[in-house]
Amino acid sequence: MIDGWEFLLDGPFGSKAERFVRAMRGAMPAGVLVSASYTGKRRRLMLYGAGSPTRLPVVRQHVNRGGRVAMWDLGYWDRQRAMRLAVDTLHPTPEQLAASPATGRREFDLREDADPAGPIMIVGLGMKSLYAYGIGEPLRWERSKLKSLQARFPGRTIVFRPKGEKVRILGNVPLRHGMPIEEALRGLSLVVCRHSNVAVDAAIAGIPVECDDGAAAALYRDNAQPTREQRADFLARLSWWNWGAHEAAEAWAWAERMTDG
């Protein structure tokens, strides 16, 4: 591999992604190699949708060869027009977030919507996550969490927010689906997810979280109830990993900085 970027554009993409990758292509630095299929000729690789069955093997291959991968997916917020960045792993790591500026790129109106006696919400996994994390059978992770939570919180109401448009039923657990995430979170005592972006929404809403992975693990891994100041610091640093199409040139510069070395 030689230094520089390969920009893998192996669409078609959905409309949101298409607008973003088109903006990134228009703003890309000189010398970027644009490819319709992976070549591995450049040390740095940029792509969209790393969790797909066709792209995840490419990510792993490139990282194993000593390359760096900047990968985009639907944003943590402003999801109609913004994308989130991850480098070499599917989510920003605690170390990467700690290295991000503490001065945020946007303001957040933090809320305190939790109710300590309220329901617990399990957030479901999507099909891409089942593949990416080798989980396999749909609802296997959710059933395990449900059993654990019922043992830990006897008598507490548990609700389920499935991932995606295809609604899966988790036994007789009531659904919180088909409503804005702000409404679904209001009055909860706890959110339980594997790595969902819902944990970021919960950081804004002031809902305690238990999560195994994802960007929010940097905030919640050792503390389900961080302080307001800790939440604000996390969100400020995370804002450097969420970019709109109108910020394409700045997004390239940040990706360059995060893959330097």
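Positions are given from 1, in the same order as the sequence printed here.
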Tabulate below the donor-acceptor pairs under 3.5 Å that side-chain atoms of residues 155-163 make, not counting sequence neighbours, or state none.
residue: Arg156; atom: NH1; partner: Ser189; partner atom: OG; Å: 2.8
residue: Arg161; atom: NH1; partner: Arg176; partner atom: O; Å: 3.1
residue: Arg161; atom: NH1; partner: Met179; partner atom: O; Å: 3.4
residue: Arg161; atom: NH2; partner: Met179; partner atom: O; Å: 3.1

> Applying the 4.5 Å side-chain criterion to the ILVMFWY set and letting contacts propagate, would Val69 and Trp243 be lumped into a single cluster?
Replying inline: no
> Backbone N or O of Trp240 within a donor-acceptor pair of the Trp254 side chain at under 3.5 Å?
Replying inline: yes
>> Check this for me: does any side-chain nitrogen of one of Glu18 and Arg22 sit under 4.0 Å from a carboxylate oxygen of the other?
In response: yes
>> Which heavy atom of Gly187 sits nearest to which heavy atom of Pro119, and what is that distance?
In response: O-CD, 3.5 Å
>> For Ser239 versus Gly104, what's the shortest heavy-atom pair and its separation?
In response: OG-CA, 3.5 Å
> Looking at residues at least two apart in the chain, or sitting in another chain, which of them share a side-chain contact (heavy atoms from CB on, under 4.5 Å) with Arg194?
Replying inline: Leu125, Tyr133, Ile135, Trp141, Asp212, Asp213
> When rounded to the nearest 0.5 angstrom, what distance separates CD in Glu142 from CD1 in Ile122?
Replying inline: 8.0 Å
>> Run the side chain to side chain donor-acceptor pair (under 3.5 Å) test against Arg84 and tell me which residues pass, sequence neighbours left out.
In response: none
>> Is there a path of hydrophobic side-chain contacts, each under 4.5 Å between heavy atoms, that joins Leu8 and Val63?
In response: yes
>> Is there a side chain to side chain contact (heavy atoms under 4.5 Å, CB included) between Asp88 and Thr93? Walk through the geometry before answering.
In response: CA-CA 10 Å; Asp88 296 342; Thr93 65; over 6 Å; no
> Can you name the nearest heavy-atom pair linking Pro92 to Tyr76, along with the distance?
Replying inline: CD-OH, 3.1 Å
>> What I'd like to find out is whether the side chain of Met258 reaches to under 4.5 Å of the side chain of Asp260, using heavy atoms alone.
In response: no
>> Minimum heavy-atom separation for Asp3 and Arg42, please, with both atom names.
In response: O-CD, 3.7 Å
> Between Arg79 and Gly75, is there a donor-acceptor pair closer than 3.5 Å when you use the side chain of the first and the backbone of the second?
Replying inline: yes
> Is the closest side-chain heavy-atom distance between Leu56 and Leu90 below 4.5 Å?
Replying inline: yes
> Name the one of Phe20, Tyr48, Phe13, Trp252 that satisfies ring-ring contact (aromatic ring centres under 6.0 Å, His included) with Trp72?
Replying inline: Phe20
>> Could you report the tightest heavy-atom contact between Gly66 and Met1, atom names first, then the distance?
In response: C-CE, 4.0 Å
> If you measure from OG1 on Thr259 to CZ on Arg44, what distance do you get to the nearest 0.5 Å?
Replying inline: 3.5 Å
>> Measuring only between side-chain heavy atoms, which start at C-beta, is Leu45 closer than 4.5 Å to Val58?
In response: yes
>> Determine whether Met24 and Met46 satisfy the following criterion, side chain to side chain contact (heavy atoms under 4.5 Å, CB included), listing intermediate values before the conclusion.
In response: CA-CA 10 Å; Met24 292 296 288; Met46 181 176 287; 3.8 Å; yes
> Would you say the side chain of Leu146 lies within less than 4.5 Å of the side chain of Val173, judging by non-hydrogen atoms?
Replying inline: yes
>> Counting C-beta onward and ignoring hydrogens, is there a side-chain heavy-atom pair between Leu47 and Tyr38 closer than 4.5 Å?
In response: no
> Does CZ belonging to Arg65 count more than 12 external heavy atoms closer than 6.0 Å?
Replying inline: yes
> Mind checking what makes side-chain contact (heavy atoms from CB on, under 4.5 Å) contact with Thr39, not counting sequence neighbours?
Replying inline: Glu6, Leu33, Ser35, Lys41
> Is the CD atom of Glu112 crowded by more than 12 outside heavy atoms at less than 6.0 Å?
Replying inline: yes
>> Check for me, please, whether Leu85 and Val59 land in the same ILVMFWY cluster - side-chain distances under 4.5 Å, paths through other members count.
In response: no
>> Looking at Arg43, is its backbone amide N or carbonyl O close enough to the side chain of His62 to form a donor-acceptor pair, meaning the two atoms are under 3.5 Å apart?
In response: yes
>> Run the side chain to side chain contact (heavy atoms under 4.5 Å, CB included) test on Val198 and Leu185 for me, step by step, so that the C-alpha distance in whole Å, both residues' side-chain angles and the decisive distance to 0.1 Å come before the verdict.
In response: CA-CA 9 Å; Val198 172; Leu185 289 170; 4.1 Å; yes
> For the atom pair CD1 (Ile169) and NE2 (His177), what is the distance rounded to the nearest 0.5 Å?
Replying inline: 9.5 Å
> Atom CZ of Arg231 and atom CD of Gln225: how far apart are they, to the nearest 0.5 Å?
Replying inline: 10.5 Å
>> Does any part of the side chain of Pro226, heavy atoms only, come nearer than 4.5 Å to the side chain of Phe234, both counted from C-beta?
In response: no
>> Taking the side chain as everything from C-beta on, heavy atoms only, tell me whether Val200 gets closer than 4.5 Å to Leu235.
In response: yes
> Between Asp115 and Leu188, is there a donor-acceptor pair closer than 3.5 Å when you use the side chain of the first and the backbone of the second?
Replying inline: no
> Any side-chain heavy atom of Ser100 sitting closer than 4.5 Å to one from Gln96?
Replying inline: no
>> If I compare all heavy atoms of Ala23 with all of Ala245, which pair ends up nearest, and what's the gap?
In response: CB-O, 3.5 Å
> Hey, quick one: are Val123 and Val192 part of the same hydrophobic cluster, counting side-chain heavy atoms closer than 4.5 Å, chains of contacts allowed?
Replying inline: no
>> Is the ring pair His91/His195 parallel, tilted or perpendicular, if the boundaries are 30 and 60 degrees?
In response: tilted
> Distance from Asn197 atom CG to Cys211 atom SG, nearest 0.5 Å?
Replying inline: 11.0 Å
> Within the distance-only criterion (no hydrogens, no angle test), does the side chain of Arg105 pair as donor or acceptor with the backbone N or O of Asn242 below 3.5 angstrom?
Replying inline: yes
>> Please determine whether side chain to side chain contact (heavy atoms under 4.5 Å, CB included) holds for the pair Met121 and Ile207, giving the CA-CA distance in whole Å, both sets of side-chain angles, and the decisive distance to 0.1 Å.
In response: CA-CA 10 Å; Met121 186 168 77; Ile207 310 295; over 6 Å; no
> So if you build clusters from Ile, Leu, Val, Met, Phe, Trp, Tyr with side-chain heavy-atom gaps below 4.5 Å, do Leu97 and Phe108 land together?
Replying inline: yes
> How would you list, by chain and number, every residue that makes a side-chain contact (heavy atoms from CB on, under 4.5 Å) with Glu137, sequence neighbours excluded?
Replying inline: Arg140, Arg143
> Is the count of non-hydrogen atoms from other residues, nucleotides or ligands lying under 6.0 Å from Asp222 atom CG greater than 12?
Replying inline: no
> Pick one: which of Lys145, Arg221, Arg152 meets salt bridge (Lys or Arg N to Asp or Glu O under 4.0 Å) with Glu210?
Replying inline: Arg152
> What residues form a side-chain contact (heavy atoms from CB on, under 4.5 Å) with Ala232, not counting sequence neighbours?
Replying inline: Leu110
